[in-house]
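Keep in mind that the numbers below use all heavy atoms, side chains included, and drop hydrogens, waters and symmetry copies. The first residue of the sequence shown is numbered 1, and numbering continues consecutively from there. Quick caveat, the model's predicted, so the values are computed rather than measured. Every number for a ligand or one of its atoms is a count from 1 in the order of the listing.
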Amino acid sequence: MSAKPIKSILFVCLGNICRSPLAEGVFRAVLTEQGKDQGLVIDSAGTGGWHAGQEPDRRSIAVAARHGVDISGQRARKVLQEDFSRFDLMLGMDNANVRDLKALAPQAAHDRIHLYLDFATGKTVDVPDPYYDGAEAFASVYRMIREASDALAKRLGASASPTSGHASSTM
Ligand code: 4NP
């Protein structure tokens, strides 16, 4: 990766209703808690578009709400080609997401695509898809994302800088 400051991050999963909306909402909350909401543009998207326009899965909304984070206003969307020029960093929740992102991305964007937990914490581990599982899977995903969000804020703390971002998800 280049040493350029990171000013925009896209969190990516398959459907953009379970994991990446949590990653977006929790990271935004962590930045606010830490007073680091310095104009990073953050957003989330799915490599698949089946749920485009929908609010997050009610189980993700519920687990976030239990921890004081409201993600109910977010809406799912599919990854767009323009995302590969717009975002400094694209973090896939699992290795299939990373593979699919790289298949869609121009070669020049490949070094901005990483496995989320690897980039944030150095652990080469997936955030597993909880869609077909129960509430405990969503609780486990939340814990992974909370830990990764703290680590990501720490990692970016030194390099993030103010920006006049204009997306709806601008901090
Ligand atoms: P996500 O979970 O990728 O974390 O949003 C999924 C949501 C929907 C589906 C798969 C995974 N689906 O097959 O519809």
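A donor-acceptor pair is defined here as one N or O able to donate and one able to accept, closer than 3.5 Å; such a pair exists between the side chain of N97 and the backbone of M93. Side-chain atoms of E55 do not come within 3.5 Å of backbone N or O of R75 as any donor-acceptor pair. No donor-acceptor pair under 3.5 Å is formed between the side chain of D150 and the backbone N or O of E147.
Under a hydrophobic clustering in which Ile, Leu, Val, Met, Phe, Trp and Tyr are joined whenever their side-chain heavy atoms come within less than 4.5 Å, directly or via other members, F11 and V125 fall into the same cluster.
Counting only heavy atoms of the protein, atom 8 (C) of ligand 1 lies nearest to H51 NE2, 3.5 Å. Regarding atom 13 (O) of ligand 1, its nearest protein heavy-atom neighbour is Y132 OH, 3.8 Å.
Against a heavy-atom cut-off of under 4.0 Å, C13 is close to the following atoms of ligand 1: 1 (P), 3 (O), 4 (O), 5 (O). Shown in contact with G15 at under 4.0 Å from a heavy atom are these atoms of ligand 1, numbered in order with element: 1 (P), 3 (O), 5 (O). Heavy-atom proximity to I17, at under 4.0 Å, picks out these atoms of ligand 1: 5 (O), 7 (C), 8 (C). Close approach of ligand 1 to C18 is summarised as follows: ligand atoms under 4.0 Å from at least one heavy atom of the residue are 1 (P), 2 (O), 4 (O), 5 (O).
Considering both main-chain and side-chain atoms, R19 comes within under 3.5 Å of ligand 1 through a nitrogen or oxygen pair. In terms of N/O distances under 3.5 Å, ligand 1 is approached by D129. The shortest N/O to N/O separation between L14 and ligand 1 falls below 3.5 Å.
Cation-pi geometry between R155 and F119 is met: under 6.0 angstrom from the ring centre, within 45 degrees of the axis.
Annotation: side chain of L10 is not in contact with side chain of R86 (no heavy-atom distance under 4.5 Å). Side-chain contact between L91 and V12: absent, with no pair of heavy atoms (C-beta onward) separated by less than 4.5 Å.
Under a 4.0 Å heavy-atom criterion, M93 is not in contact with ligand 1.
Between Y131 and H51, the two ring planes are perpendicular [angle over 60°; tilted spans 30° to 60°].
Contacts of D57 with ligand 1, taken as heavy-atom pairs under 4.0 Å, are absent altogether.
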